[in-house]
There are 2 protein chains.
Amino acid sequence: MHADGPDETQEREEPLRGIGAVAAQTGVSERTLRYYEEIGLLTPRDHSPGGMRRYCSEDIARVRRIRELQTLMGFNLEEIRRVIAAESRLSSLRADFRASSDSEHQREVLDEALQALDELRDAARSKIAALQGFLADLDERFARHRRRLEELQAVHDAEAKNEQET
Amino acid sequence: MHADGPDETQEREEPLRGIGAVAAQTGVSERTLRYYEEIGLLTPRDHSPGGMRRYCSEDIARVRRIRELQTLMGFNLEEIRRVIAAESRLSSLRADFRASSDSEHQREVLDEALQALDELRDAARSKIAALQGFLADLDERFARHRRRLEELQAVHDAEAKNEQET
DNA sequence: CCTCTGGTTTACGTCAACGTAAGACTATCG
DNA sequence: CGATAGTCTTACGTTGACGTAAACCAGAGG
């Protein structure tokens, strides 16, 4: 355990970004980031002595995750908060793993989070299934109407040819 | 073309429903139906002499379509309005088909609507693709964490067995 | 005709998810 | 050290998609 640096924990002095940089990288507005913090969805890793938000790359990943859950799953921020909560309990368990004295509680938390993850998988699967049905219907109708267009086109061409020949 | 009934057009005197029945059948509120009408998304087939809305089954299908586009594609009502517009142009063309004198214009309209339909297909496909990626990631993470849980369970069982043996 | 039940218009309310603006403070660079 | 760009908090505004309430009308049944 010889000192390798001033840090006790293994944070490899990750570059922390200001709110503007994060907004630019994720495509959301600064207001949105502050709003996420306001409702307890995303708290920046830490703050500068002057009080400015400093985000780490994990925070950025979380912003992307939030947008993903919004656009793909159509969740509102409250539902997303629950998903995120389960997911971060999973990765926080990852941190302890060996350190925890109470493996009973460990297993219970893990099991709960797993269940939440599984429900999310179910939701995703049924959404995919529904969309595939939706698409199949679209495909059929598209093909049908395209044939109609081709018929009209054929009639038109035939008429044009007729006119040419006279 | 002997008269079979009082109607000239072939409307087989479809049963028209009031707004309450439609709301019940589709699961949306009466307010929502009136709102859809207000923004030009769904106009009931006709009205009773007293001014009450009378919906036909096609109207009901449209309500379902609207909800589908909302929940599956995540469209807002303005986007949905465009999709519906293209789709109903297609079925109105179906009605004329032979009756129209201007086949030039016919083809143009059909082509445009087909293009809109194709864009919708593209959107659906890319949404499905994105969701499949999303799900694959979920599956992987789920499996990983389930293995972790099983490990913990194994350790726990072993400890229990040890205790039993002492 | 009267009474329900269902429907109509008009209009204000609500909620999520931000947008926008003001005024003060912080960080960085020359 | 001053200028400039970035960020802070506070607070009110906006937009879509309806909810809700009031007061008045319509249609069917006894």
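Labels below follow one simple rule: chain letters A, B, ... track the order of the sequence lines, proteins then strands, and each chain is numbered from 1. Just the heavy atoms: all of them, side chains too, but no hydrogens, waters or symmetry mates, feed the values below.
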Problem set entry | Non-hydrogen side-chain atoms of A/Thr26 and A/Arg67 separated by less than 4.5 Å | no

Once you round it to whole Å, what is the distance between [atom2] of [N] and [atom1] of [X]?
X	N	atom1	atom2	answer
A/Arg34	D/dG6	CZ	P	13 Å
A/Leu33	D/dC8	CG	P	10 Å
B/Arg17	C/dG7	CZ	C1'	17 Å
B/Glu30	D/dT20	CD	P	12 Å
B/Leu16	C/dG7	CG	P	13 Å

Looking only at side-chain N and O atoms, does [X] come under 4.0 Å of OP1 or OP2 in [N]?
X	N	answer
A/Thr32	C/dA17	no
A/Arg31	C/dA17	no
A/Ser48	C/dT26	no

Seminar exercise, completed: The answer to which of A/Gly18 and B/Tyr35 contacts DNA chain D further toward the 5' end, by nearest nucleotide, is A/Gly18

Exercise. Closer to the 5' end of DNA chain D via nearest nucleotide, is it A/Ala21 or B/Gly51?
Worked result: A/Ala21

Seminar exercise, completed: Exactly one candidate in B/Val22, B/Leu33, B/Ile66 meets side-chain contact (heavy atoms from CB on, under 4.5 Å) with B/Val28; the answer is B/Leu33

Problem set entry | Distance, nearest 0.5 Å, that separates CZ of B/Arg65 from CD of B/Glu87 | 4.0 Å

Problem set entry | B/Ile80 side, atom CD1; B/Ile39 side, atom CD1 - distance, nearest 0.5 Å | 8.5 Å

For this session: Decide salt bridge (Lys or Arg N to Asp or Glu O under 4.0 Å) for B/Glu79 and B/Arg82; before the verdict, give the C-alpha distance in whole Å, the side-chain angles of both, and the deciding distance to 0.1 Å.
Result: CA-CA 5 Å; B/Glu79 293 167 319; B/Arg82 284 197 286 270; 5.1 Å; no

Problem set entry | Within residues 52-82 of chain A: residues closer than 4.0 Å to DNA chain C (heavy atoms) | A/Met52, A/Arg67, A/Gln70, A/Asn76, A/Leu77

Problem set entry | Cationic N near anionic O, under 4.0 Å, A/Arg62 to A/Asp59 | no

Problem set entry | Nearest-nucleotide pick for A/Ile19, side chain only, options being D/dC18, D/dT7, C/dG19 | D/dT7

For residues 108-119 of chain A, dump all side-chain donor-acceptor pairs below 3.5 Å to protein atoms at least two apart in sequence or in another chain.
unit_1, atom_1, unit_2, atom_2, d
A/Asp118, OD1, A/Arg121, NE, 3.2
A/Asp118, OD1, A/Arg121, NH2, 2.9

Problem set entry | 5' priority, DNA chain C, between A/Gly50 and A/Ser29 [closest heavy atom] | A/Ser29

